[in-house]
2 protein chains.
Amino acid sequence: MSLRFALLAMLTSQPMTGYDVYKNFETSVGYVWHAPDSQIYPELRRMEQDGLIRGETVPWGRKGTKKRYEITVDGVAAFRAWLNEPPQYTRERDPLRLRAAYLEWAEPDAGRQFFRDHIDYHGGRIRDWEDMIRTLRDHTNPTLARRLEGQPEDEWQRIVEYKVFAYEGLIERARAEVAWAERGLALVDRLEGAERPASS
Amino acid sequence: MSLRFALLAMLTSQPMTGYDVYKNFETSVGYVWHAPDSQIYPELRRMEQDGLIRGETVPWGRKGTKKRYEITVDGVAAFRAWLNEPPQYTRERDPLRLRAAYLEWAEPDAGRQFFRDHIDYHGGRIRDWEDMIRTLRDHTNPTLARRLEGQPEDEWQRIVEYKVFAYEGLIERARAEVAWAERGLALVDRLEGAERPASS
DNA sequence: ACAGACTACCTATGTTCATAGTTAGTTGGC
DNA sequence: GCCAACTAACTATGAACATAGGTAGTCTGT
């Protein structure tokens with residue numbers, strides 16, 4: 001059900017086509033939510049049926065057309081209602097931690113590689129999110145810029161700060177992952193002294 | 001595909017029925033992986049077809065029977081292969097961070113409640129995982145105890161340490177979430193000075 | 001003028017997972 | 001002797017998501 005609200009969130013900044021949404025999920029916004037186009041187009045149609053958004057066919061080039069959706073009053077109300085209701089936490093399902101718990105069955109080098117990959121992956125995400133925060137703070141983020149256009153200037157701070165804060169949360173969590181994986185490398189070295197083979 | 005390996009992981013400690021697996025997912029092991037029984041029974045049948053586990057019908061009471069599965073040599077090999085191959089990281093999809101990024105649309109009190117819920121939820125998980133670590137360290141965890149029975153004593157340390165370390169990772173991440181949510185409470189107080197209503 | 005990249009939208013298929021049931025036997029307490 | 005709780009296993013349905021295609025039009029550089 002979150003896809004629907006991710007789409008509403010995007011459409012609160014400006015009207016967009018399904019393709020625009022897809023592109024945003026592929027790049028910047030994709031740092032916090034992602035969906036393939038095969039999920040986006042049908043969901044937009046359902047949302048239009050439910051009156052949350054309104055589609056308008058606009059010309060594109062000489063013969064082409066595209067469908068631009070804008071959020072409706074009902075859509076804004078639904079988005080607000082979602083934000084005001086308590087979130088539900090889903091059950092734990094952590095394939096990486098599952099692996100880590102059984103590393104005594106793996107080759108020591110596979111264990112080391114696992115933690116190095118973990119550090120690389122989360123290090124990369126941290127850099128992405130730090131860049132994102134920079135573009136939010138200096139208002140060079142295009143989606144943010146278009147959002148701010150429609151808002152009074154004394155609201156700008158609130159809008160920016162909540163978004164920056166969300167990305168800071170992702171960064172804090174990723175830093176915890178990196179710190180953990182670094183301890184993991186040391187653990188493998190400690191447990192797998194020299195020649196020890198994988199457990200039987 | 002991870003469910004399959006979660007099941008193999010459990011069956012490396014001892015033979016189990018589908019119901020045993022289900023009960024474990026509901027309680028202790030559920031702290032790291034969870035699945036409903038409607039997913040477990042069919043997957044066990046598929047795994048038996050693929051030769052990863054072997055099912056044996058055993059009597060239960062006077063008329064009842066149950067099917068106990070044990071892991072096969074092929075199953076152990078498949079589990080090892082999974083652990084040795086590099087994990088694949090899935091795309092970001094974080095409904096809670098999505099919410100947090102748009103809290104300027106919510107009621108201030110809903111924002112505060114959001115962060116308090118976040119602290120409560122992750123605080124609870126931390127306590128669960130800390131208890132789990134205690135039962136791993138003192139070998140009172142029944143699943144661990146049965147696993148150690150089948151292993152030479154000089155392997156015990158490795159087996160326990162990797163499991164403890166996995167839970168420590170969950171705890172570190174959850175602590176980052178709590179710290180973030182505490183900063184979030186302060187942020188709401190700072191941005192929503194007194195009477196300010198939700199943004200338009 | 002045309003190839004190649006991009007925009008725009010769509011469909012099909014299969015997996016994973018949640019939710020909500022059903023059936024049948026067992027065990028323990030009163 | 002019977003009820004409640006538990007053990008054991010199964011089925012049906014729908015949402016969410018991944019993967020992999022397809023069609024048609026547009027734009028840009030050479």
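Residue numbers begin at 1 in each chain, while the letters A, B, ... track the order of the sequences.
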Query raised in the report: What are the 5'-most and 3'-most nucleotides of DNA chain C lying under 4.0 Å from any heavy atom of chain A?
Result: C/dT7 to C/dA18

**Report entry** Residue whose nearest DNA chain D nucleotide is more 5′ - B/Pro42 or B/Gln88
**Finding:** B/Pro42

Query raised in the report: Can you tell me how far C1' of D/dA15 sits from CG of A/Asp50, to the nearest Å?
Result: 14 Å

Query raised in the report: Looking at B/Arg147 and B/Ala9, what are the two nearest heavy atoms and their distance?
Result: NH2-O, 3.2 Å

Query raised in the report: Can you find a side-chain donor-acceptor pair between B/Glu177 and B/His118 that sits under 3.5 Å?
Result: yes

Query raised in the report: So, does A/Thr72 use its side chain to make a donor-acceptor pair with the main chain of A/Gly51 at under 3.5 Å?
Result: yes

Query raised in the report: Closest heavy-atom contact between A/Val32 and B/Leu98?
Result: CG2-N, 4.0 Å

Query - No-hydrogen, no-angle side-chain donor-acceptor test under 3.5 Å, A/Asp138 and A/Thr140 - result: yes

Query raised in the report: Among all residues two or more places apart in sequence or in another chain, which pass the ring-ring contact (aromatic ring centres under 6.0 Å, His included) test with B/Trp60?
Result: none

Query raised in the report: Do A/Arg173 and B/Asp94 meet the salt-bridge criterion of a basic N to acidic O distance under 4.0 Å?
Result: yes

Query raised in the report: Touch check for B/Ser38, heavy atoms < 4.0 angstrom, all strands: base, sugar-phosphate only, or nothing?
Result: base

Report task. Pick base, sugar-phosphate or nothing for B/Arg45, based on heavy-atom distances below 4.0 Å to the nucleic acid. Result -> sugar-phosphate

Query raised in the report: For the pair made of CD in B/Glu92 and P in D/dA18, what is the distance, rounded to whole Å?
Result: 12 Å

Report task. Whole angstrom is fine here: how far is it from CZ in B/Arg91 over to C1' in D/dC17? Result -> 13 Å

Query raised in the report: Roughly how many Å is it from CZ in A/Arg4 to P in D/dA15, rounded to a whole number?
Result: 11 Å

Query raised in the report: Would you say the side chains of B/Arg46 and B/Gln49 form a donor-acceptor pair under 3.5 Å?
Result: no

Report task. Sequence neighbours left out, what passes ring-ring contact (aromatic ring centres under 6.0 Å, His included) with B/Tyr121? Give chain and number order. Result -> A/Tyr89

**Report entry** Length of the line joining B/Leu44:CG and D/dA8:P, which is rounded to integer Å
**Finding:** 13 Å

**Report entry** Length of the CG-P vector between B/Asp37 and D/dA9, whole Å
**Finding:** 10 Å

Query raised in the report: Under a 4.0 Å heavy-atom cut-off, which of residues 60-71 of chain A touch DNA chain D?
Result: A/Trp60, A/Gly61, A/Arg62, A/Lys63, A/Gly64

Query - Nucleotide-level pairing of DNA chain D, given in dot-bracket where Watson-Crick and G-U pairs need both distances under 3.5 Å and | marks other strands - result: ||||||||||||||||||||||||||||||

Query raised in the report: For residues 14-23 of chain A, which residues have at least one heavy atom under 4.0 Å from DNA chain C?
Result: A/Thr17, A/Gly18, A/Tyr19, A/Asp20, A/Lys23

Query raised in the report: So does A/Gln39 get a side-chain nitrogen or oxygen closer than 4.0 Å to the phosphate oxygens (OP1/OP2) of D/dC17?
Result: yes

Query raised in the report: When you measure from the centre of the six-membered ring of A/Trp180, is the NZ or CZ of A/Arg97 under 6.0 Å away and within 45° of the axis?
Result: yes

Query - Salt bridge present between B/Glu56 and B/Lys67 (N-O < 4.0 angstrom) - result: no

Report task. Mind calculating the distance between OH (A/Tyr41) and C1' (D/dG21) to the nearest angstrom? Result -> 15 Å

Query - Short side-chain donor-acceptor distance under 3.5 Å, B/Gln113 and B/Asp109 - result: no

Query raised in the report: For the pair made of CZ in A/Phe5 and P in D/dA16, what is the distance, rounded to whole Å?
Result: 10 Å

Query raised in the report: Between B/Tyr162 and B/Tyr167, does a ring pair (Phe, Tyr, Trp, His ring centres under 6.0 Å) hold up when you go through it step by step?
Result: CA-CA 9 Å; B/Tyr162 279 124; B/Tyr167 283 101; over 10 Å; no

Report task. Please name the pair of heavy atoms, one in B/Ile126 and one in B/Val178, separated by the smallest distance, quoted to 0.1 Å. Result -> CD1-CG2, 4.3 Å

